[in-house]
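Let me begin by presenting the structure, written as structure tokens, before commenting on it.
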Amino acid sequence: MAQAQEGDRFEKKEENSAPREKQLHFIEQIIADDEKSGKFGGRVHTRFPPEPNGYLHIGHAKSICLNYAMATENNGLFNLRFDDTNPAKEETEYVESILTDVRWLGADWQDRLCFASDYFQQMYDYAVDLIKKGKAYVCDMTAEEMSAARGTATEPGTPSPWRDRTVEENLDLFARMKAGEFPDGSKTLRAKIDMASPNFNMRDPVMYRIVHAEHHRTGSAWKIYPMYDWAHGLEDSIEGITHSICTLEFENHRPLYDWFLDQLGVYHPQQIEFARLNLTYTVMSKRKLLELVKGGYVSGWDDPRMPTICGLRRRGYTPESVRAFCRAIGVAKFNSTIDVTVLENAVREDLNRTALRRMGVLRPLKLVIDNYPEGETEWLDAVNNPENPADGVRKVPFSKVLYIEQEDFMEDAPKKYFRLTPGREVRLRYAYFVTCDSCVKDEEGRVTEVHCHYDPATRGGDAPDGRKVRGTIHWVSAEHARDAQVRLYDRLFSVENPDSASNPLDYKEYLNPESLEVIAHAKVEPALADGAAPGSAHYQFERIGYFYPDTESTAGNPVFNRTVSLKDTWAKVAQKG
RNA sequence: UGGGGAAUUGUGUAAUGGCAGCACGAAUGGCUCUGAACCAUUUAGUAGGGGUUCGAAUCCCUUUUCCCCAACCA
């Protein structure tokens with residue numbers, strides 16, 4: 001290697017070792033470049049454009065977070081816009097839910113709540129303009145005829161017999177379409193582009209169709225409705241959007257997006273496509289989610305097993321955790337599938353910092369402390385959140401008879417089992433050290449009761465002589481325990497990708513029959529029952545997992561949804577044998 | 001059999017001709033009044049083949065695989 005070249009390399013190295021800017025993903029890079037070149041006058045304005053025909057899911061969250069982040073990180077603006085151009089599928093119910101979900105996620109559209117339907121007149125005027133330019137025509141073909149004339153991948157389509165109508169005739173017909181003179185499906189307005197284009201989207205695409213239906217906002221004012229390709233670029237243009245971010249399947253549509261805006265000579269935003277989110281063990285298409293709801297496979301859009309925003313919310317996911325997840329998965333053009341454990345870890349990380357610790361026993365087993373005074377109750381201090389001392393301490397009642405978790409006792413325990421087993425001393429969290437003496441069994445050999453004795457000197461959970469115990473278990477005083485229903489959720493599907501070709505059956509065949517387990521009578525400490533109102537707090541049931549009061553929960557009838565379990569190293573050890 | 005995209009450790013994502021890095025997972029150890037959290041260490045990658053170059057994940061050629069497109073849906 002020559003000296004000079006060594007020198008070059010060294011300089012490069014110096015450059016690289018300088019403190020580097022945050023690494024940008026490809027959309028951030030495009031925006032940074034545009035700001036540098038002054039392409040949009042340094043402006044950044046994004047939007048999230050849902051069609052109100054279903055509930056938002058985690059995939060939409062990726063898009064919302066992306067668009068909102070691009071705006072806020074660049075001192076820009078973010079619009080929420082309903083793409084309500086198809087009255088047949090859209091409903092106010094969906095508008096309401098979308099508003100709630102976007103707000104919950106924390107994306108703030110300020111005063112820019114937009115509706116495509118507000119632009120219908122303007123779009124109509126633009127269409128008239130296009131007709132006058134000889135770039136659009138009214139076509140009388142039926143949908144079937146049009147499909148047959150579209151051609152194939154290798155052969156061009158055949159031009160519509162109506163393609164060369166005069167401007168006057170087109171203007172007249174289009175006005176009469178608008179006036180409602182023609183039945184559904186009898187005529188369309190089409191762009192006159194290129195029937196031989198290798199891109200089907202350019203083979204004279206439909207701009208307007210006739211639909212005599214009630215629109216959720218404009219009522220029966222309109223008899224014609226714009227198609228997506230025609231409408232979307234106009235919506236972006238009208239709102240002054242700079243970067244129109246959408247998913248990969250619209251890549252083929254970009255030439256058309258550009259064509260319409262160019263023909264009109266109006267303000268022209270830039271469409272950028274990224275890969276939509278796929279998650280293991282679930283489905284993400286609106287059609288399939290709708291089917292799960294309508295078919296009663298789940299309890300509703302907000303069933304905590306659903307990947308919908310409202311389902312995640314009801315399950316106990318926080319907006320912070322969903323945002324952190326969206327940040328973690330990145331943005332690219334590669335069609336990837338994210339392991340659902342990434343989502344689970346995101347909520348664990350957030351809830352570990354913030355959730356209030358409580359004790360609850362899912363599968364109760366009676367523990368009797370033989371040497372503890374009958375009828376006595378002590379109120380012991382328990383830390384609310386060791387990750388945040390400011391959350392303080394609460395009192396937990398302790399007495400002679402307790403409930404512990406069935407799996408925290410084993411009569412014949414393997415060596416690595418640190419919990420209760422005859423002869424072993426463990427700590428009752430925040431209470432006392434107890435040593436197991438014996439157990440009582442029923443006729444079938446099931447353990448019904450465990451007996452132990454305690455060391456009064458270990459009150460609060462510390463041994464004055466400094467002796468250690470390997471295991472600490474949670475408990476609830478039997479006398480003070482309150483009943484709660486606990487719902488344990490598992491993945492909705494039993495295979496990683498219910499949609500994949502490697503799983504040839506209908507996706508519903510792969511529904512996980514054990515995705516919901518209801519525990520009718522869990523035993524929880526009083527503070528949990530008192531804090532069981534919906535939305536009151538996120539909890540960690542110590543050593544078990546994170547739980548969140550269900551929307552049906554009341555103080556008198558507590559219901560907790562398990563958001564996610566704690567990581568369980570012991571389960572792995574036990575499984576290995 | 002046309003057009004448009006894409007391929008980097010198990011997963012996801014950087015490196016824009018110059019040390020293949022980061023996160024998550026996993027494994028191991030430490031710590032611990034949660035077998036959690038936390039800390040430390042380890043693990044493992046440029047789809048294949050050619051070429052250009054002092055030097056290629058990056059540029060060129062070629063092969064393979066995957067995704068999207070022929071709704072009056074978005």
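In the text below, chain A, chain B and the rest are named by the order of the sequence lines, each starting its count at 1. In what follows, every heavy atom counts, from backbone to side chain, and hydrogens, waters and symmetry copies are set aside.
- When the C1' atom is compared between B/rC54 and B/rG17, the two are found 12 Å apart, to the nearest whole Å.
- Distances were taken from every side-chain heavy atom of A/T85 (C-beta onward) to each of B/rA37, B/rG5, B/rA74; the shortest belongs to B/rA74.
- Remark: A/K89 does not engage A/E51 in a salt bridge, criterion side-chain N to carboxylate O under 4.0 Å.
- Interatomic distance, A/H538 NE2 to A/F547 CZ, rounded to the nearest 0.5 Å: 14.0 Å.
- In this structure, A/Y228 has its ring center closer than 6.0 angstrom to the ring center of A/H232.
- Residue contacts shown for A/M227 are limited to sugar-phosphate atoms, with no base heavy atom under 4.0 Å away.
- One P atom belongs to B/rC66, the other to B/rA71, and the distance between them is 24 Å to the nearest Å.
- Evaluation of atom-type donor-acceptor distances gives no pair under 3.5 Å for the side chain of A/Q23 against the base of B/rU13.
- Residues A/F82 and A/F115 bring their aromatic ring centres within 6.0 Å.
- By the 4.0 Å N-to-carboxylate-O rule, A/E239 lies too far from A/R47 to be salt-bridged with it.
- Separation of the P atoms belonging to B/rA15 and B/rU58 is 14 Å when rounded to the nearest angstrom.
- The partner of B/rA20 cannot be assigned: no Watson-Crick or G-U wobble pair with both contacts below 3.5 Å exists in any strand.
- The pair A/R419-A/E405 fails the salt-bridge criterion, with no side-chain N (NZ, NE, NH1 or NH2) lying under 4.0 Å from an Asp/Glu carboxylate O.
- Within the shown strands, nothing qualifies as a pairing partner of B/rU58 under the Watson-Crick or G-U definition with both distances less than 3.5 Å.
- Counting atom types as modelled, A/R543 pairs no side-chain N or O with a base atom of B/rG35 as donor and acceptor under 3.5 Å.
- Here the two rings, on A/W570 and A/F418, have centers that are 6.0 Å apart or farther.
- Pairing for B/rU34 is absent, judged as Watson-Crick or G-U wobble with the two contacts each under 3.5 Å.
- Residue A/T152 places no side-chain N or O under 4.0 Å from the OP1 or OP2 atom of B/rU1.
- Of the P atoms belonging to B/rG45 and B/rA6, the separation is 26 Å, rounded to the nearest Å.
- Taking the six-membered ring where the residue is Trp, the centroids of A/Y124 and A/F174 are separated by under 6.0 Å.
- Ionic pairing of A/R203 and A/D194 is not present here: no N-O contact between side-chain nitrogen and carboxylate oxygen is shorter than 4.0 angstrom.
- Looking at heavy-atom distances under 4.0 Å, A/K286 makes no contact with the nucleic acid at all.
- If you check every strand for non-hydrogen atoms under 4.0 Å, A/D462 touches a base.
- Straight-line distance from the NZ atom of A/K62 to the C1' atom of B/rU13: 11 Å, rounded to whole Å.
- Contacts of residues 200-210 of chain A with RNA chain B (heavy atom under 4.0 Å): A/F200, A/V206, A/R209.
- In this structure A/Y454 satisfies the ring-ring contact (aromatic ring centres under 6.0 Å, His included) test together with A/Y372, A/Y432, sequence neighbours excluded.
- Among the heavy atoms of the strands, none lies under 4.0 Å from A/R348.
- As the counterpart of B/rU52, no nucleotide is assigned, since no Watson-Crick or G-U wobble pattern has both distances under 3.5 Å.
- In this structure, A/R150 reaches the sugar-phosphate backbone alone: every heavy-atom distance under 4.0 Å involves primed, P, OP1 or OP2 atoms, never a base.
- Screening residues 207-218 of chain A for salt bridge (Lys or Arg N to Asp or Glu O under 4.0 Å) gives A/D118-A/R217 as the qualifying pairs, with residues at least two apart or on separate chains.
- No side-chain heavy atom of A/L234 sits less than 4.5 Å from a side-chain heavy atom of A/F260.
- Applying the side-chain hydrogen bond (donor to acceptor under 3.5 Å, both in side chains) test between A/N388 and each of A/N384, A/N385, A/D391 identifies A/D391 as the sole match.
- With both pairing distances under 3.5 Å, B/rG45 is matched to nothing as a Watson-Crick or G-U wobble pair.
- Map A/D84 and A/F26 each onto its nearest nucleotide of RNA chain B; the residue landing nearer the 5' end is A/F26.
- Applying the Watson-Crick and G-U wobble criteria (two distances, each under 3.5 Å), B/rG29 pairs with B/rC39.
- Distance CZ (A/R470) to P (B/rA36): 10 Å, rounded to an integer number of Å.
- Here the straight-line distance linking atom CG of A/D462 with atom CZ of A/R467 works out to 11.5 Å at 0.5 Å rounding.
- Protein atom CD1 of A/I272 is 20 Å distant from nucleotide atom P of B/rG4, rounded to whole Å.
- By the criterion of a centre-to-centre distance under 5.5 Å and near-parallel planes under 30°, the ring of A/W570 forms a stack with the base of B/rG35.
- A salt bridge links A/R394 with A/E525: the closest approach of a Lys/Arg side-chain nitrogen to an acidic carboxylate oxygen falls below 4.0 angstrom.
- Atom CZ of A/R276 and atom C1' of B/rA6 are 16 Å apart (whole Å).
- Residue A/R353 is classed as having no contact, given no heavy-atom separation below 4.0 Å to the nucleic acid.
- Taking A/R543 as the reference, A/D408, A/H474 meet the side-chain hydrogen bond (donor to acceptor under 3.5 Å, both in side chains) condition, with sequence neighbours excluded.
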Please enumerate all protein N or O atoms sitting under 3.5 Å from an N or O of nucleotides 7-11 of chain B, with distances to 0.1 Å.
| residue | atom | partner | partner atom | Å |
| --- | --- | --- | --- | --- |
| B/rU11 | O3' | A/T337 | O | 3.4 |

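- Across all strands shown, A/E51 has heavy atoms under 4.0 Å from sugar-phosphate atoms exclusively, and none from any base.
- For A/F541 and A/M146, each mapped to the nucleotide of RNA chain B holding its nearest heavy atom, the one lying further toward the 5' end belongs to A/F541.
- Contact annotation for A/P255: no contact, since no heavy-atom pair falls under 4.0 Å across all strands.
- Between the C1' atoms of B/rA57 and B/rU13, the separation comes to 14 Å (whole Å).
- A donor and an acceptor atom never sit less than 3.5 Å apart when one is taken from the side chain of A/N335 and the other from the base of B/rC66.
- Among the heavy atoms of the strands, none lies under 4.0 Å from A/V211.
- Checking B/rA7 for Watson-Crick or G-U wobble geometry (two distances, each under 3.5 Å) identifies B/rU64 as its partner.
- A gap of 23 Å separates the C1' atoms of B/rG21 and B/rU28, to the nearest Å.
- Within the 4.0 angstrom heavy-atom criterion, base atoms lie near A/T188.
- Taking 90° from 0 as the syn/anti boundary, the base of B/rA71 is oriented syn.
- Taking atom P on both B/rU16 and B/rC59, the two are 11 Å apart, rounded to the nearest angstrom.
- The CZ atom of A/F250 sits 9 Å away from the P atom of B/rA74 (whole-angstrom rounding).
- Within the 4.0 angstrom heavy-atom criterion, only backbone atoms of the sugar-phosphate kind lie near A/H25; the bases stay farther away.
- Within the 4.0 angstrom heavy-atom criterion, base atoms lie near A/A143.
- In this structure, A/Q29 reaches the bases: a heavy-atom distance under 4.0 Å links it to at least one base atom across the strands shown.
- Residue-level contact check: A/G157 touches neither bases nor backbone, having no heavy atom under 4.0 Å from any strand.
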Identify each atom pair where a protein N or O and an N or O of nucleotides 26-30 of chain B are less than 3.5 Å apart, giving names and distance.
| residue | atom | partner | partner atom | Å |
| --- | --- | --- | --- | --- |
| B/rA26 | OP1 | A/K572 | NZ | 3.1 |

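- Nucleotide B/rA70 is matched to nothing when pairs are restricted to Watson-Crick or G-U wobble geometry with both distances under 3.5 angstrom.
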